[in-house]
Peer 1: 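Quick one: the structure is below, and I'll ask about it shortly.
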Amino acid sequence: MRLVVPGGGEVLARGNVLAQWTDDLALSTRVSPGVAHYTGQAELFDLIQEGLGARAAGDLDTATARLGRARVLAEQSGNEETARLLAKVVEVDPGTGTARLRRSVDRADEIALDTGSVRTARMRGGSGTGTGDPGDPGTSGFRSATG
């Protein structure tokens, strides 16, 4: 791969790109931790994975807290597809910020969240530093409750 100045042709950098081809949807939709860090999705990715894992293990308090926070982050950052998937698993009261796991979740929706939510997506605004910017994943005002 080469990084070339447009119009000038000057090569600024060269390097190799390692790629692994797969037909496995679960493998092809995972975001590497390095990529997630640079696209502002690292916290969102971790929250979803931790929340789904806790839900599967029966730890509903942890699942509610993680998935509720993930939904708030997805909405704040403009990641509409992930927010839509999370809404099928957890609801957040906009007035109080209280999250509740949905009692009945279709297995297909849970799988879609697990695989589809970790695709790389351009995030709106914010740097993840907690600056108070609405697009900044560092702030949410989220509270959790199970039920």
Side-chain angles (χ1 to χ4, degrees), residues 1-57 59 61-102 105-144:
M1 177 176 81
R2 296 182 307 165
L3 177 61
V4 181
V5 175
E10 177 187 358
V11 177
L12 298 176
R14 290 175 195 225
N16 294 325
V17 176
L18 177 63
Q20 180 178 358
W21 299 104
T22 181
D23 290 327
D24 184 338
L25 182 62
L27 288 175
S28 67
T29 57
R30 294 277 183 229
V31 177
S32 76
V35 171
H37 171 76
Y38 287 103
T39 60
Q41 297 181 71
E43 183 179 6
L44 180 59
F45 170 81
D46 289 343
L47 288 168
I48 292 169
Q49 296 306 305
E50 290 171 12
L52 291 175
R55 186 174 181 276
D59 183 353
D61 288 336
T62 299
T64 300
R66 299 301 191 277
L67 294 170
R69 172 90 172 120
R71 181 168 171 193
V72 170
L73 287 179
E75 290 170 351
Q76 287 180 342
S77 65
N79 193 331
E80 295 170 11
E81 179 64 18
T82 299
R84 182 186 67 74
L85 292 168
L86 282 160
K88 294 180 178 186
V89 177
V90 65
E91 58 186 323
V92 177
D93 182 313
T96 65
T98 301
R100 296 194 195 289
L101 284 179
R102 295 194 183 275
V105 176
D106 188 293
R107 181 73 178 135
D109 290 335
E110 189 173 354
I111 292 169
L113 176 61
D114 188 29
T115 59
S117 67
V118 294
R119 290 188 178 120
T120 302
R122 183 174 298 276
M123 306 303 273
R124 177 182 66 214
S127 62
T129 58
T131 62
D133 180 276
D136 184 347
T139 57
S140 79
F142 169 74
R143 297 184 312 161
S144 80

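Hydrogens, waters and symmetry mates are skipped; everything else that's a heavy atom, side chains included, is used.
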Peer 1: Can you name the residues that form a side chain to side chain contact (heavy atoms under 4.5 Å, CB included) with D23, not counting sequence neighbours?
Peer 2: none
Peer 1: Hey, could you give me the CD/CG distance between Q76 and L44, rounded to the nearest 0.5 Å?
Peer 2: 11.0 Å
Peer 1: Looking at Q49, E50, E43, which one forms a side-chain contact (heavy atoms from CB on, under 4.5 Å) with D46?
Peer 2: E50
Peer 1: Between R71 and E91, is a side chain to side chain contact (heavy atoms under 4.5 Å, CB included) present by the stated rule, with each step listed?
Peer 2: CA-CA 8 Å; R71 181 168 171 193; E91 58 186 323; 4.1 Å; yes
Peer 1: Specify the closest pair of heavy atoms between A63 and L101, including all atoms of both residues, with the distance to one decimal.
Peer 2: CB-CD1, 3.9 Å
Peer 1: What is the distance from atom CG of L67 to atom CD1 of I48, rounded to the nearest 0.5 Å?
Peer 2: 7.5 Å
Peer 1: Please tell me if the side chains of R55 and V105 come closer than 4.5 Å, counting only heavy atoms from C-beta onward.
Peer 2: yes
Peer 1: Locate the shortest heavy-atom distance separating V92 from G68; write the atom from each residue and the value.
Peer 2: CG2-O, 4.2 Å
Peer 1: List the atom of D93, the atom of T96, and the distance in Å for their closest heavy-atom pair.
Peer 2: OD1-N, 3.1 Å
Peer 1: Let me check something: any side-chain donor-acceptor pairs from residues 83-90 under 3.5 Å, sequence neighbours excluded? List them with distances.
Peer 2:
{"unit_1": "R84", "atom_1": "NE", "unit_2": "E81", "atom_2": "OE1", "d": "3.4"}
{"unit_1": "R84", "atom_1": "NH2", "unit_2": "E81", "atom_2": "OE2", "d": "2.5"}

